[in-house]
Protein chains: 2
Amino acid sequence: MQQAGTASSHSEYKSFFKNCNRLQFFFQKMLLLFVTATITMAEQKEITIYDIAKHLNISATTVSRGLKNHPTINKNTRRKIADAAKELGYRSNTFASSLRSKRTQTIGVIVPRLNSNFMSSVLAGMEDAASREHYNLIITQSLEKREKEKANAHTMYNKRVDGLLISLAYDTENISHLHPFFAKGIPVVFFDRTYNHSESTSVLIDNFKAAYEVTKHLLEQGCKRIMHLGGNMLRDVYSERLRGYKTALQDHKIPFDEKLIYISNLNEEAGSDAAKHILKMKPNKRPDGVFSANDTAAVHCMIHLKTAGIRIPEDIAFAGFNNDPISKVIEPNLTTVNYSGYHVGEVAVMNLIGHLKGLSSTKTTNRIVLRADLVVRESSLKNKSL
Amino acid sequence: MQQAGTASSHSEYKSFFKNCNRLQFFFQKMLLLFVTATITMAEQKEITIYDIAKHLNISATTVSRGLKNHPTINKNTRRKIADAAKELGYRSNTFASSLRSKRTQTIGVIVPRLNSNFMSSVLAGMEDAASREHYNLIITQSLEKREKEKANAHTMYNKRVDGLLISLAYDTENISHLHPFFAKGIPVVFFDRTYNHSESTSVLIDNFKAAYEVTKHLLEQGCKRIMHLGGNMLRDVYSERLRGYKTALQDHKIPFDEKLIYISNLNEEAGSDAAKHILKMKPNKRPDGVFSANDTAAVHCMIHLKTAGIRIPEDIAFAGFNNDPISKVIEPNLTTVNYSGYHVGEVAVMNLIGHLKGLSSTKTTNRIVLRADLVVRESSLKNKSL
DNA sequence: GACTTTTATGCAACCGATTGCAACATGAAG
DNA sequence: CTTCATGTTGCAATCGGTTGCATAAAAGTC
């Protein structure tokens, strides 16, 4: 391109100044300078399969096939092609390839927030699995806004991702923004914050069971009035945890008390606020146990209560969810639910790639439920008999 | 594709069974069924600019220009094109576009690990900034291995990212694997774990100064023997922190003692190990202050020492680095250095996009140094006069 | 009214890999 | 010696936008 431009301006100037020797000489010199500079600076031209073909005196078709080890190409030819590619410094052009083959080897990922401990583990797992299968990840965050989630989905759609992995934003009520994917048959896998949809798989943990186990554990420790710090109920993650809590109470014949449910966004501040809320209650109405739907809220609630002189677990036992690093730092150490975000990510990707390879259909596997284990630590041990 | 395949099997079967009417009839019926099913299931054909062009009786060129609001296209025409695009359900084909224009609107990101608190903030900042400028992020992790970093860089290169953002792996000594980028003039921006390279920008904090401030603070609290928990010295992040530590000692006329340097990978276990190391020292040889190059190691060192009966800060004062959430949970709260990963990510992306837009050259801006502030908490307050 | 400038649109050649089908060589079978 | 299977390779069309250059129409200038 650059060279073409140069050549044309060269002929132009030549015809224009053909009777002016002085100027012609000057311009010629300038031109030479310019061209030299251009060539020096210019990245050497991109090597294509055509260059390799010419170099080996074979067709581009053969090169294309040879490069991806197509079985109909002679092994010897294949080796020669590979060698030439390396020698010439060939790099494949993903676009040309994707344009023609309509496959992108790219998976779109939409998460509510990138900067959460759990989510970054999930992403690490995803990246690991995807990279093993030679897929790339395009990652975006919705910042918990349905509108941004929608915009992100649209970009992914335009970028022709082979599949989509999504954990829904807080305020996403319906998934109409994903319809284009379903319409085009692009597989969608939900993880963590899932949505029940007949045509796609969900990868999640058994939140109900884990919450049930936590609550049961607190009850067995002698708690009678357990408070629950819950998250947004639009997301089944949190509604399932609440359900597990309720069911455990019921099975232990403890009446459910609406006043002991505290819904928030479960961040640090919300944890402190919950503590203030507890302190405002009459001492005899206070809970003797707290089950928080995440560790952050639990820990910051504990910190606030401790400074107010509440003893943990003697006065109030605590249990969280996630097994966040802070749960091992707070004193007393926090009882929590451990589950591997890394594993969630890995499984979600493997499942998606399975669909893409046609190994499994999105319709048959509807949900994949991963293990989650109760980790008992001092924060919940009222009768110290671990 | 599907149709072509069908057609071929059709002719095959025809020649094969041409004298067997019964079977032929049966197969024809099957074929019809199959084709019908295929057509029903098939996603409706993709809409292209040519479809829009035909629909409006104008040329594809005009549509192409109209869609990206090229000023030479009449406003009225532009509107009509936009309307038609929406009506027909057009989605642009990024590949075709990238193939021709050689721009991808994609930035490659290589980080050592995705699942770290700091890194996920950085990514959040990057995603935010990139998304504002309509760029997408392809994110990979090197898992601290030079080999994987190299492979990732190569993929990015093939994927024709417009620019590269990279934080180097622990064991990366040279950046020969990035040469293709430099050779092609693709801008590279280092962040956090940087490398001094004449043709690219580095975004980082002033590790030297921050470490100096931390050490100075500990000295002012009366510490005489400050231990330093450091990281891999191949990375300037850690070597600069060590340098800041050393210089502060020197400025306060405290002799530098090689034995008080403890190098590790700074994870939880390394923190505990450092504590064990301290406990093994003769009491009069023990440090009276610890400056750790990250919070994780500091906190886990503290936990271990506390169980051994060491008082913090009375016996040993502590300071960390990062302002990790755990620093606010440990008791006593950890003095640390606060700096915004989010901001680092944002700045790195903005700078890269600046280069891409030709606003700034990679060569002029060599390093961007961001603020980092000492956050004093109880862990370092020997003379309680905050 | 002739001529230049501005504005708006279209032509056609790309970009680089993929793929259905044809074609060729070789050797085996009949 | 023909026929056919098998293994290799190439032709040429295709994917869907982009862009330099030409052109046509409208507006402005003298």
Side-chain angles (χ1 to χ4, degrees), chain A residues 1-9 11-12 45-54 56-81 85 88 90-105 158-160, chain B residues 1-12 15-16 45-54 56-81 85 88-105 158-160:
Chain A
M1 219 165 73
Q2 223 120 353
Q3 286 174 336
T6 311
S8 109
S9 65
S11 72
E12 248 177 68
K45 192 184 150 290
E46 243 2 291
I47 302 296
T48 71
I49 52 168
Y50 298 102
D51 298 318
I52 299 180
K54 207 172 293 167
L56 294 176
N57 247 324
I58 55 179
S59 78
T61 307
T62 307
V63 176
S64 172
R65 295 201 176 112
L67 284 172
K68 40 182 41 86
N69 285 314
H70 198 284
T72 71
I73 303 297
N74 186 296
K75 273 197 179 162
N76 205 18
T77 316
R78 245 137 76 180
R79 207 184 30 68
K80 269 194 260 172
I81 293 173
L88 299 178
Y90 167 77
R91 64 164 169 166
S92 76
N93 188 319
T94 335
F95 307 122
S97 166
S98 293
L99 173 59
R100 183 63 225 252
S101 67
K102 299 185 180 304
R103 259 175 279 111
T104 67
Q105 294 291 321
N158 274 353
K159 284 249 169 185
R160 305 286 205 278
Chain B
M1 223 165 64
Q2 223 121 351
Q3 289 175 334
T6 310
S8 108
S9 64
H10 180 249
S11 70
E12 248 177 68
S15 62
F16 192 73
K45 194 184 149 289
E46 241 5 288
I47 301 296
T48 71
I49 52 168
Y50 298 101
D51 297 318
I52 299 180
K54 206 171 295 168
L56 294 177
N57 248 326
I58 55 179
S59 79
T61 306
T62 308
V63 176
S64 173
R65 295 200 176 112
L67 284 172
K68 41 182 40 89
N69 285 315
H70 199 282
T72 71
I73 302 296
N74 187 296
K75 273 197 179 164
N76 206 16
T77 317
R78 248 139 71 180
R79 208 185 30 69
K80 269 195 257 171
I81 293 172
L88 300 177
Y90 168 78
R91 62 164 170 168
S92 76
N93 188 320
T94 335
F95 307 122
S97 165
S98 294
L99 174 59
R100 183 64 225 253
S101 66
K102 298 184 180 306
R103 259 175 280 109
T104 67
Q105 294 291 319
N158 275 352
K159 283 249 169 183
R160 304 287 204 278

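Lettering follows sequence order; numbering is per chain, from 1.
- To the nearest angstrom, P of D:dT9 lies 10 Å from CZ of A:Arg78.
- Bending across the helix from C:dG1-D:dC30 to C:dG30-D:dC1, expressed as the angle between its end axes from five pairs apiece, amounts to 50° (10° rounding).
- For C:dA17, the base has no donor-acceptor partner in the side chain of A:Thr94 [N/O atoms by modelled type, under 3.5 angstrom].
- If you take CZ of A:Phe95 and C1' of D:dG17, they are 13 Å apart, rounded to a whole angstrom.
- For the pair B:Thr94 (side chain) and A:Asn158 (backbone), a donor-acceptor distance under 3.5 Å is present.
- In terms of phosphate contacts, B:Lys68 brings a side-chain nitrogen or oxygen within less than 4.0 Å of OP1 or OP2 of D:dT18.
- Side chain of B:Arg65, nearest nucleotide from C:dA8, D:dG20, D:dG10: D:dG20.
- In this model, no side-chain donor or acceptor of B:Thr77 finds a partner on the base of C:dA8 within 3.5 Å.
- Rounded to a whole Å, the NZ atom of A:Lys102 is 8 Å from the C1' atom of D:dG16.
- Rounded to whole Å, atom P of C:dA17 lies 5 Å from atom CD1 of A:Ile49.
- Residue B:Lys75 places none of its side-chain N or O atoms closer than 4.0 Å to OP1 or OP2 of C:dT7.
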#### Entry: Steps toward side chain to side chain contact (heavy atoms under 4.5 Å, CB included) verdict (B:Ile81, B:Leu56)
CA-CA 8 Å; B:Ile81 293 172; B:Leu56 294 177; 4.0 Å; yes
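- B:Thr61 comes within 4.0 angstrom of a base, heavy atoms only.
- Going from atom CD1 of A:Ile73 over to atom CD1 of A:Ile58 covers 8.0 Å, rounded to the nearest 0.5 Å.
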Dump the intermediate steps for side chain to side chain contact (heavy atoms under 4.5 Å, CB included) on A:Glu46 and A:Arg91, then the final yes or no.
-> CA-CA 8 Å; A:Glu46 243 2 291; A:Arg91 64 164 169 166; 3.0 Å; yes
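- Atom CZ of A:Arg100 is separated from atom C1' of D:dG17 by 16 Å (rounded to the nearest Å).
- One distance of note links OH of A:Tyr90 with CD1 of A:Ile49; it measures 6.0 Å at 0.5 Å rounding.
- Proximity of B:Asn74 to the phosphate of C:dA8: a side-chain N or O atom is located under 4.0 Å from OP1 or OP2.
- In terms of position on DNA chain C, the residue among A:Ala96 and B:Pro71 whose nearest nucleotide sits closer to the 5' end is B:Pro71.
- Using a 4.0 Å heavy-atom distance criterion, A:Leu67 is classed as making no nucleic acid contact.
- Put simply, A:Arg103 has no side-chain N or O that comes within less than 4.0 Å of OP1 or OP2 on D:dC15.
- Among the nucleotides C:dG16, C:dG10, D:dT9, the one closest to any side-chain atom of A:Glu46 is C:dG16.
- Toward the 5' end of DNA chain D, the nearer of the two residues A:Ile73 and B:Ser98, judged by each one's closest nucleotide, is A:Ile73.
- With sequence neighbours excluded, no residue satisfies side-chain hydrogen bond (donor to acceptor under 3.5 Å, both in side chains) with B:Asn57.
- Residue B:Ser101 places no side-chain atom within donor-acceptor reach of the base of C:dC15, judged by atom type and a 3.5 Å distance cut-off alone.
- Residue side chain B:Ser59 does not reach the base of C:dC11 through any donor-acceptor N/O pair under 3.5 Å, judged by distance alone.
- Per the geometry, CG belonging to A:Asn158 stands 13 Å off C1' belonging to D:dG17, to the nearest Å.
- Whole-Å rounding puts the A:Gln105 CD to C:dA17 P distance at 16 Å.
- Contact between the side-chain N/O atoms of A:Tyr50 and the OP1/OP2 oxygens of C:dT18 is not found at any separation under 4.0 Å.
- Side chain of A:Arg78 to main chain of A:His70: a donor-acceptor pair is present (N/O by atom type, distance under 3.5 Å, no hydrogens or angles).
- No contact: A:Arg160 has no heavy atom under 4.0 Å from any strand.
- Partners of B:Arg103 by salt bridge (Lys or Arg N to Asp or Glu O under 4.0 Å), not counting sequence neighbours: none found.
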Step by step, work out the side chain to side chain contact (heavy atoms under 4.5 Å, CB included) result for A:Asn93 and A:Thr48. CA-CA 8 Å; A:Asn93 188 319; A:Thr48 71; over 6 Å; no
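- To the nearest angstrom, C1' of C:dT9 lies 9 Å from CD1 of B:Ile58.
- At a cut-off of 3.5 angstrom, counting only N and O atoms as typed in the model, there is no donor on one side facing an acceptor on the other between the side-chain of A:Ser64 and the base of C:dT19.
- Under 4.0 angstrom from either OP1 or OP2 of D:dT8 there lies no side-chain N or O belonging to A:Thr72.
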